[in-house]
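Reckoned from all heavy atoms, side chains included, excluding hydrogens, waters and symmetry mates. Numbering of residues begins at 1 and proceeds along the displayed sequence.
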Amino acid sequence: MKGALPRNVQKNQEDSWVSEDVWRMEIYISLGILSLGLLAVLAVSSLPSVSDRLSWREFTCIQVPEGGPHTALCRFSPCVFASRLKAKA
């Protein structure tokens with residue numbers, strides 16, 4: 001996006017809004033924020049002072065269902081960003 005401004009000035013374009021790039025970046029950032037939120041919940045529940053106060057059922061209720069989606073989000077977020085690079089190649 002940084003290099004697009006001089007090109008738009010040379011081409012005399014007023015609007016440099018590329019809808020596909022904007023949506024891709026919004027999805028990339030949103031997935032990153034969701035992933036960071038899930039990571040924070042997993043990290044806090046893994047602290048010894050917190051996990052000692054939780055029963056085994058509560059601990060597994062937090063750790064097991066969130067571990068898989070967190071891993072998927074962490075892997076899918078860079079794929080969304082890299083799809084732009086692959087589409088242009």
Side-chain angles (χ1 to χ4, degrees):
M1 290 301 279
K2 196 188 308 185
L5 185 60
R7 285 185 299 225
N8 290 341
V9 170
Q10 289 173 351
K11 293 179 183 177
N12 202 15
Q13 289 180 340
E14 292 181 17
D15 188 17
S16 64
W17 186 270
V18 180
S19 182
E20 185 178 328
D21 287 344
V22 171
W23 277 105
R24 186 177 294 116
M25 290 304 293
E26 289 290 328
I27 291 170
Y28 174 67
I29 291 171
S30 298
L31 287 175
I33 291 170
L34 284 173
S35 178
L36 185 62
L38 279 174
L39 179 66
V41 170
L42 289 171
V44 167
S45 66
S46 296
L47 290 172
S49 61
V50 175
S51 62
D52 289 343
R53 293 179 187 255
L54 297 174
S55 69
W56 178 249
R57 182 174 289 187
E58 293 168 336
F59 183 76
T60 56
C61 182
I62 293 171
Q63 293 287 329
V64 173
E66 289 187 11
H70 178 258
T71 305
L73 279 175
C74 286
R75 290 183 179 175
F76 187 66
S77 180
C79 292
V80 170
F81 186 72
S83 67
R84 174 177 175 241
L85 303 174
K86 187 175 182 179
K88 288 187 175 184

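Under the 4.5 Å side-chain contact rule for hydrophobic residues, Val50 and Trp56 share a cluster. Note on Leu38: it clusters hydrophobically with Ile29, by side-chain heavy-atom contacts below 4.5 Å among ILVMFWY residues.
Ser55 pairs by the side-chain contact (heavy atoms from CB on, under 4.5 Å) definition with Arg57, Glu58, not counting sequence neighbours. Remark: Ser51 engages Phe59 in a side-chain contact (heavy atoms from CB on, under 4.5 Å) (not counting sequence neighbours). Taking the side-chain contact (heavy atoms from CB on, under 4.5 Å) definition, one finds that Val41 meets it with Ile62, Glu66, sequence neighbours left out. With sequence neighbours left out, the side-chain contact (heavy atoms from CB on, under 4.5 Å) criterion links Ser46 to Gln63.
Interatomic distance, CG of Leu31 versus CG of Leu36, reported as 12.5 Å (0.5 Å rounding). Atoms CG and OG1, on Leu42 and Thr71 in that order, are 8.5 Å from each other to the nearest 0.5 Å.
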